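Here the structure is a predicted model, which means the values were calculated and not measured. Sequence lines set the chain letters: A, B, ... in the order given, protein chains first and strands last, and positions in each chain run from 1.
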Amino acid sequence: MAVRDKALTYVGTRRIDGPLVVVHKPHDVGFDETVEIQDPQGNFRLGRVLDVGDREAVVQVLEGTSGLSNQATRVRFLGKTLELPVSADMLGRIFDGLGRPLDGGPMPLSTTLRDINGAPINPYSRQYPREFIQTGVSAIDGMNSLVRGQKLPIFSGSGMPHDRLAAQIVRQATLLGEQTQFSIVFAAMGVKYDVAQYFTRTFEQSGVLANVALFLSLASAPSIERLLTPRSALTLAEHLAFDLGRHVLVLMTDMTNYCESLREIGTARGEIPGRKGYPGYLYSDLAEIYERAGRIKGSDGSITQMAILTMPSDDISHPVPDLTGYITEGQIVLERELFQRGVYPPIAGLPSLSRLMKDGIGEGYTRPDHGPLASQLFAAYSYVKQVRGLAAVIGEEELSVLDKQYLEFGNTFEMKFLGQGEYENRSIDETLDLGWKVLSLLPRGELHRLSEALLDAHYVGEKESEVQTVALGDEPAFKPLVPPEK
Amino acid sequence: MSQTVLEHGEIVRVSGPIVTARNMRAATMYEVVEVSDLRLIGEVVRVVDDVATLQVYENTSMVRPGDPVYRTGGPLTVRLGPGLIGNIYDGIQRPLKDIEAHSGAFIRRGEKTDPLDPDKRWRFVPKIKAGDAVTAGQVLGTVRETEAVELRVMAPPGLRSPARVQSIAPEGDYAVNDQIAVIEDADHASVPVQMAQSWAVREGRPVARRLPADRPLITGQRIIDTLFPIAKGGTAAIPGGFGTGKTMTQHALAKWSDADIIVYIGCGERGNEMTDVLTDFPKLIDPRSGRPLMERTILIANTSNMPVAAREVSIYTGITLAEFYRDQGYHVAVFADSTSRWAEALRELSARLEEIPAEEGFPASLPTRLAQFYERAGMVEPLSGGTGSVSVVGAVSPPGGDFAEPVTQHTRRFVRCFWALDRQLADARHYPAINWLTSYSMYLEDVEPWWKRTDPAWAELRNQTISLLQQEDKLQQIVKLVGPDVLPDSQRLVLTVCEIIKTGLLQQSAFDDVDMYSTPGKQMALLRAMLHFYERGKAFIGSGGTLAEVRSMAIVQELVRAKSTVPNDDEEGLRGLTKRVDEQFDRLERR
Ligand SMILES: Nc1ncnc2c1ncn2[C@@H]1O[C@H](COP(=O)(O)OP(=O)(O)OP(=O)(O)O)[C@@H](O)[C@H]1O
Ligand SMILES: [Mg+2]
C-alpha cells in the first residue's frame, strides 16, 4: 500500500463520543488507518479508524478522549496501520500498551516494523504442538499437560491465587531434557500496579528479568489502550519466535479487562450488544489474539500462551470465560471451594482440561502410563463428587465400604496430589508415581481404565500404598513454603 | 474470472468487511468483485439504485473511499475437477498450500491462486464415443484422482436433450482446463467440455430425483451406530459447550465413516485442529480401501482468525464440492465445525449491514439459511444414474452450553439426528459425551431394513438398551436421595448392567487403537453379551442369588474391557463373550 508523502491535518472534529471522535469530510483516509490526535494542550495521542465514509471517519482514540474539544483538536492521518518496531533488545524492557518505553530508556532501535494486528497463520503452515512442558505442578503436568505452542488460559475468580500460580509456572517451566529457556512476553491489561509489581519481582528473583518484555497498560491507563496491549505483546512474541527461533511464553492478564474495553467501544458506537452487553464479534476478536499462539513448520521457535482471566462471580458460563474456552486449547480452572479449604493450587479436578495433552504425553514424551493414569484419576475423582453428594444426604456413615474408600481417595487426591507448595517443583516422574500411590487407595477391580499390564506394573495395592490418607477438613498436606532464601 | 470492460465502481465507505460502492447500478446480487487495487475478493450482497454493498473476504485495512471496485460479471464459483481430493482450501477455495508458497506462513491479502493445478496432467479414459447420445450429468470418462477415488467427468448439468457427442478426446493425459469433449446440444450449439467445470456455490446442483434414506452411514462409533444412527444422506447436529467433544467426534466420524468422500469444513475454529487432520489423515489407513484416509478427504479451513466473510461462504464451498462427488454416484459426508461460528458470521455481517436483528442479534433469515444448508443433504439419484448421497453433520456451539439459544433451536428443526453432548459426562471424561437420554435419531425406521440384513436382532437389542438406561436414570434419582442400599438386588442389577453398558459400550476412546473404531458386528456382539448377562443375572437373582455373587464374576471385567481387548476381526473372541457369560452363570448356579 502506497504511503502518502504528506499527511493531511484536520483542525477540529465533528463529534466526540466516549472513546470516539468523528472527523468531518476526511480525504483519502483508509480503514484501520493510524491517527495522531493533538489535544488543545499540544499533547499527542494515537487512534485508529474504525469506519470511514466520504462524509465522516470514526476514530477510536487509544488514550482516551478526556480533554479533547471539537474545536481545538487536530487530527492527522498517518497513511498506515499501527505498527510496532520489534527487536530482541526489547527483552528486559518495560513498555506501555502501544510499545512506548515506560522505563525511562530509549525507544528500541529497530528497522523491523510490524503491523500489530498480525496476519493469520496459514493452517497449512502450522506444526502441531506436541512437546511436553514440565511445569512442576502435578495438577497441570499429570492431568492437564501443557505443550509448547499451546494456548492454555487460567480461569480464576477474584482473590484466588492465579498470579502466584502463573508465577510458579514461569519459574519452573522447562522442557524435558532440554536446557532452553523461555523468553517471556508479559502483557498486563487493566490490572493494578501491585500485580505488575508482583510479577516484576518474581521475574527478578528467579533471575529471568533480562529475558522478559513487559507491556503494561495498568488500571490507571486509559482503558482503550488495553485493546492494543496484547496485540503489541504478540507482535513482539511473533518476531522472537518466528524470526529469531526462540521459545516464547506469553502471559496475558487480565483478559476480562480487555473484554470490558471492547464492550466500551461497542457501546460507544451504538452497536447491537450481544450477551451481557459484549459485542457479537467478541469471539472473533479474541480468536485473533489467541490464534497467534503455535508452532510453524520450518521455524524453531514457538509461542505458548497463558492468559489469566477472572470469571465475574466465578461464573464459567459468563461470556468471557465461555468464549475463551471455545477458542483456547483447554483451560485451567481455579475452584473457590478448594481455595477456601487451603489447597494450593486450587485447580479444579474436573472442569480443567488440556486438549493438546493427548499428543504431548506417553511413550517418547513422558511415560506410557501417563494417559491411562490421568484418565483413571479423572474417572475416579468424578465418582468421588457423586459420593460426596450422596454423603451429604444420607450421612457418611451410611455409605458402603467402597464409597467410603472413594471418599478417602478423593480427599487424599485433593490434598496431596492437587495440593503442593508454591515453591515445590515436582518432576513428571514424581507426579505420576504420586498419582499411582493415591490411586492405589482404591480396589484394583475399580480401575477399569487401566489395562492389566499397567496395573501389574504400577498398582501398589490398597494395603501397601504408602501414601498417608487424609480426611476432609484436615490441614493441607503441604503448607505453602516461603521462597528459598538466596 | 475474466477481466472485461465492465464499469468500475467507486468506494464510498469502509466498515470492516463491509464496503459500500457507487456507480454499481449494473451489478447483480452475489456478483464477485475485486476491491481496491489490492484486488481483494468480495461479493455483492445488496444493491440500491447505483450503490452496492459488498462483503469482502479479506482484511480491508487501508482500503479507502475513492478506491475502485472491479466487477467480474459472475457469481462466486468453485472449480470442480481432479485435484480436489487431499487438498486444503480456504473458504473461497484458494489452496492454502499455494498461498504458503506465495506468502509464507502468514496469509497475505490479495492472493490469487488456481483452485486446481492448471499444469498437472491426469489420465483421462473416455467412456463414450463420438456420435453417442448424451444427457445432462452423464459420465463422459474417468480419471483416477487418487488410488481410492475415481473421478467421473460429467456432461454439464444444464445440458438440454437431445444432445450428442461431437467429439471426445482419446485416452491420454490432459490438464484440467483442456477440452476433452464437444457436445452438440438440443439447439445444435457446440458445447465444449473441459475436465474441470465451475459451479456457483450458493446454488445446489441438480439431481434426477431425491430418494428416501435406506441405509445407515456406519461411523464405527458405537453409541451412534447402535443407538442413534444417521442414515446416508441424513443430517445430524452435535451441540455441546466448549470442550465437550464436538471436534473429536467429528474427527472420529471423518476417519471411520463408511463414506466414499469426506469434506471437512473447519469454519471459525482452531488452526491446530486443521493441522491435526493434515498430519493424522495421511498416516491413517481407511479400513475399506486400504489407502490413507487423506486420499478420500477434502479440507476447507477458514479458521477463527481468518476473515469472517469468508467464514460465511466456506460452508457453501464445502457442500458444493460434496455435491459434485455425489453427482458421480458417491456417498459423501460433510462435517461442519462449527455452524455456530458460521451463524455468528451471518450476525456480524448483518449488523454491519445495519439490518434489523431478530433473536439475540441474529438476522431474521437465520432459520432459512440453516434450512437451505441442511436441505442440500440427501440420498439422490444423480443425473448420471445410480445413487449418491450427501450426509451433513454440523457441530453447534451454544453460548454457555445452553441449548435454548437460537442456533441450536433452529438447527433442531432441520436435522433428524441430535447428538447432545453433556457437560457432566465430559467432565467425568466419559467420551464421547453423547447423552443417551436427550439424544435422538429419527432414522431408526429408515435404517432398519439394512440392519435386518446385517443383524436382525438390532432393533430389539437397541430398544432393550434404551429402556434399561431409562430405568437406570430413574433408579439413580432414588439412589441420590437415599443411597443404593434400599434398592432390591434385582434393581441394583440394572445399575450394574448399565454401568457395564456405559463403560464397555457407550464410552469409546478415540486414542485407543482397538477401541477407536468398532464394526457393526463387534457392536452387536458386545451388546448381545451385555444384555445376555442381564437376562442371566435377573434369573439368577430371581431364584435366590445375590448381586454380590454376580458382581464378583470375572466376566464383568471382561465385558467392560472387551472393547479395547478384542479387535474387530476376532469373531471367535467376540462370540466367546456370550459363551463365557453362560459358563460363569452356569457355574454360579451349580454352587
Ligand atoms: N472420543 C473421545 N475420546 C477421548 N477423548 C475425547 C473424546 N472426545 C473428546 N475428548 C477430549 O475432550 C477434549 C475436547 O474435545 P473437543 O476438542 O472435541 O471439544 P469441542 O466440543 O470441539 O470444544 P470447542 O467447542 O471448544 O471446540 C479433547 O481434547 C479430548 O481430550
Ligand atoms: Mg471444537
* Answer yes or no for B:Arg64 and A:Phe31: cation-pi contact, defined as NZ/CZ to six-membered ring centre under 6.0 Å and angle to ring axis within 45°. => no

* What part of B:Leu278 lies closer than 4.5 angstrom to a heavy atom of chain A: side chain, backbone, both or neither? -> side chain

* To do: Side chain from CB out, backbone as N, CA, C, O: work out which of these in A:Pro321 comes under 4.5 Å of a heavy atom of chain B, or both, or neither.
  => backbone

* Let me know if A:Lys385 has heavy atoms under 4.5 Å from chain B in its side chain, its backbone, both or neither. => neither

* To do: Might you work through the side chain to side chain donor-acceptor pair (under 3.5 Å) test for A:Thr34 and A:Arg48, ending with a clear yes or no?
  => CA-CA 4 Å; A:Thr34 310; A:Arg48 61 175 173 178; over 6 Å; no

* Report the C-alpha distance between A:Gln376 and A:Leu373 in whole Å, list the side-chain angles of each, state the deciding distance to 0.1 Å, and finish with yes or no for side chain to side chain contact (heavy atoms under 4.5 Å, CB included). => CA-CA 5 Å; A:Gln376 182 64 68; A:Leu373 172 67; 5.6 Å; no

* Asked: Do B:Thr53 and B:Thr20 have side-chain N/O donor and acceptor atoms under 3.5 Å apart?
  -> no

* To do: Give the member of A:Pro129, A:Ser299, A:Gly294, A:Gly149 that has the highest number of heavy-atom pairs under 4.5 Å with chain B.
  => A:Pro129

* Worked check of side chain to side chain donor-acceptor pair (under 3.5 Å) between A:Arg292 and A:Thr235 -> CA-CA 9 Å; A:Arg292 290 172 83 171; A:Thr235 303; 3.0 Å; yes

* Structure fact -> If one checks every heavy atom of B:Asp276 against chain A at 4.5 Å, the contacting part turns out to be both

* To do: Heavy atoms only, distances under 4.5 angstrom: which of B:Gln557, B:Arg423, B:Lys246 has the most pairs with chain A? Name it, please.
  => B:Gln557

* **Non-hydrogen atoms of B:Thr60 and B:Gly16 that approach each other most closely** => OG1-O, 2.6 Å

* Structure fact -> Whatever's closer than 4.5 Å to a heavy atom in chain A on B:Glu344 counts as side chain

* What heavy-atom pair brings A:Phe242 and A:Gly301 nearest, and what distance separates the two atoms? -> CE2-O, 4.1 Å

* Structure fact -> With chain A, the option among B:Ala301, B:Ser397, B:Gly483, B:Ser340 that has the most non-hydrogen atom pairs under 4.5 Å is B:Ser397

* What residue, out of A:Asn122, A:Leu350, A:Asp115, has the most heavy-atom pairs lying under 4.5 Å from chain B? -> A:Asn122

* Asked: When you check the gap from the basic side-chain N to the acidic O, do A:Arg114 and A:Asp243 get nearer than 4.0 Å?
  -> yes

* Asked: Looking at A:Phe378 versus B:His430, is the centre-to-centre ring distance below 6.0 Å?
  -> no

* Using non-hydrogen atoms only, which part of A:Leu447 is less than 4.5 Å away from chain B: side chain, backbone, both, or neither? -> backbone

* Between B:Ala428 and A:Arg449, what is the shortest heavy-atom contact and its length? -> O-NH2, 3.8 Å

* Side chain from CB out, backbone as N, CA, C, O: work out which of these in A:Leu353 comes under 4.5 Å of a heavy atom of chain B, or both, or neither. => both

* Among the options B:Pro95, B:Pro484, B:Pro398, pick out the one with the most heavy-atom pairs lying under 4.5 Å from chain A. => B:Pro398

* Asked: By a 4.5 Å heavy-atom criterion (distance strictly below it), what part of B:Pro399 contacts chain A: side chain, backbone, both, or neither?
  -> both

* Asked: Which atoms of B:Ile107 come close to chain A, meaning under 4.5 Å heavy atom to heavy atom: side chain ones, backbone ones, both, or neither?
  -> both

* For A:Arg130, is it the side chain, the backbone, both, or neither that has a heavy atom closer than 4.5 Å to a heavy atom of chain B? -> neither

* To do: Look at A:Val52, A:Val49, A:Thr328 and state which one has the largest set of heavy-atom pairs under 4.5 Å with chain B.
  => A:Val52

* To do: Verify side chain to side chain donor-acceptor pair (under 3.5 Å) between A:Gln386 and A:Tyr406, making sure each step is shown before the conclusion.
  => CA-CA 10 Å; A:Gln386 274 183 44; A:Tyr406 266 103; over 6 Å; no

* Step-by-step side chain to side chain donor-acceptor pair (under 3.5 Å) determination, B:Thr275 to A:Arg295 -> CA-CA 11 Å; B:Thr275 316; A:Arg295 301 214 56 174; over 6 Å; no

* Using non-hydrogen atoms and a 4.5 Å limit, figure out which bit of A:Ile121 sits close to chain B: side chain, backbone, both or neither. => both

* Using non-hydrogen atoms and a 4.5 Å limit, figure out which bit of A:Leu377 sits close to chain B: side chain, backbone, both or neither. => neither

* Structure fact -> Most contact-rich option vs chain B, by heavy-atom pairs under 4.5 angstrom, among A:Glu329, A:Lys151, A:Gln127, A:Arg55, is A:Glu329

* To do: Specify which of B:Arg341, B:Arg347, B:Glu269, B:Met248 makes the most heavy-atom pairs with chain A at under 4.5 Å.
  => B:Arg341

* Asked: Are the side chains of A:Glu288 and A:Arg231 in touch, meaning some heavy atoms are under 4.5 Å apart?
  -> yes

* Asked: Checking A:Ser382 against chain B: side chain, backbone, both or neither under 4.5 Å from a heavy atom?
  -> side chain

* Asked: With a 4.5 angstrom heavy-atom cut-off, which part of B:Tyr431 approaches chain A: side chain, backbone, both or neither?
  -> side chain

* Portion of A:Ser352 that has a non-hydrogen atom of chain B nearer than 4.5 angstrom -> backbone

* Looking at B:Gly361, B:Gly266, B:Gly241, B:Ala351, which makes the most heavy-atom pairs under 4.5 Å with chain A? -> B:Gly241

* Using a cut-off of 6.0 Å, state whether more than 12 heavy atoms not belonging to A:Lys25 lie near its atom NZ. => no

* Sort B:Lys97 into side chain, backbone, both or neither according to what part of it lies under 4.5 angstrom from a heavy atom of chain A. => both

* Give, as side chain, backbone, both or neither, the part of A:Glu238 having an atom under 4.5 angstrom from any heavy atom of chain B. => side chain

* Is it the side chain or the backbone of B:Val560 that comes within 4.5 Å of chain A heavy atoms, both, or neither? -> side chain

* Before giving the answer on ring-ring contact (aromatic ring centres under 6.0 Å, His included), spell out for A:His318 and A:Phe155 the whole-Å C-alpha distance, their side-chain angles and the decisive distance to 0.1 Å. => CA-CA 11 Å; A:His318 180 279; A:Phe155 288 8; over 10 Å; no

* Against chain A, work out which of B:Gln507, B:Glu354, B:Gln424 has the most heavy-atom pairs shorter than 4.5 Å and name it. => B:Gln507

* Structure fact -> Whatever's closer than 4.5 Å to a heavy atom in chain A on B:Arg429 counts as both

* To do: Below 4.5 Å from any heavy atom of chain A, which atoms of B:Leu481 appear? Answer side chain, backbone, both or neither.
  => backbone

* **Any side-chain donor near an acceptor of the partner, A:Thr304 and A:Gln150, under 3.5 Å** => no

* Structure fact -> Answer key: most heavy-atom pairs under 4.5 Å with chain B among A:Gly349, A:Ser317, A:Ala391, A:Gly325 is A:Gly325

* To do: Against chain A, label B:Arg311 side chain, backbone, both or neither, depending on which of its atoms sit under 4.5 Å from a heavy atom there.
  => side chain

* Considering only heavy atoms, which portion of A:Arg126 lies under 4.5 Å from any heavy atom of chain B: side chain, backbone, both, or neither? -> both

* Structure fact -> What one should report as the nearest heavy-atom pair of A:Asp403 and A:Leu399 is CB-CB, 4.0 Å

* To do: Please determine if B:Arg352 and B:Glu312 form a salt bridge, counting it only when a charged side-chain N lies under 4.0 Å from a carboxylate O.
  => no

* Identify the two heavy atoms, one from B:Arg270 and one from A:Ile327, that lie closest to each other, and give their separation to 0.1 Å. => NE-O, 2.9 Å

* Ring centroid separation for B:Tyr264 and B:His251, is it under 6.0 angstrom? -> yes

* Measure A:Tyr381 against the heavy atoms of chain B and call it side chain, backbone, both or neither at under 4.5 Å. => neither

* Flag the one option from A:Tyr283, A:Tyr128, A:Tyr326 with the top tally of heavy-atom pairs under 4.5 Å to chain B. => A:Tyr326

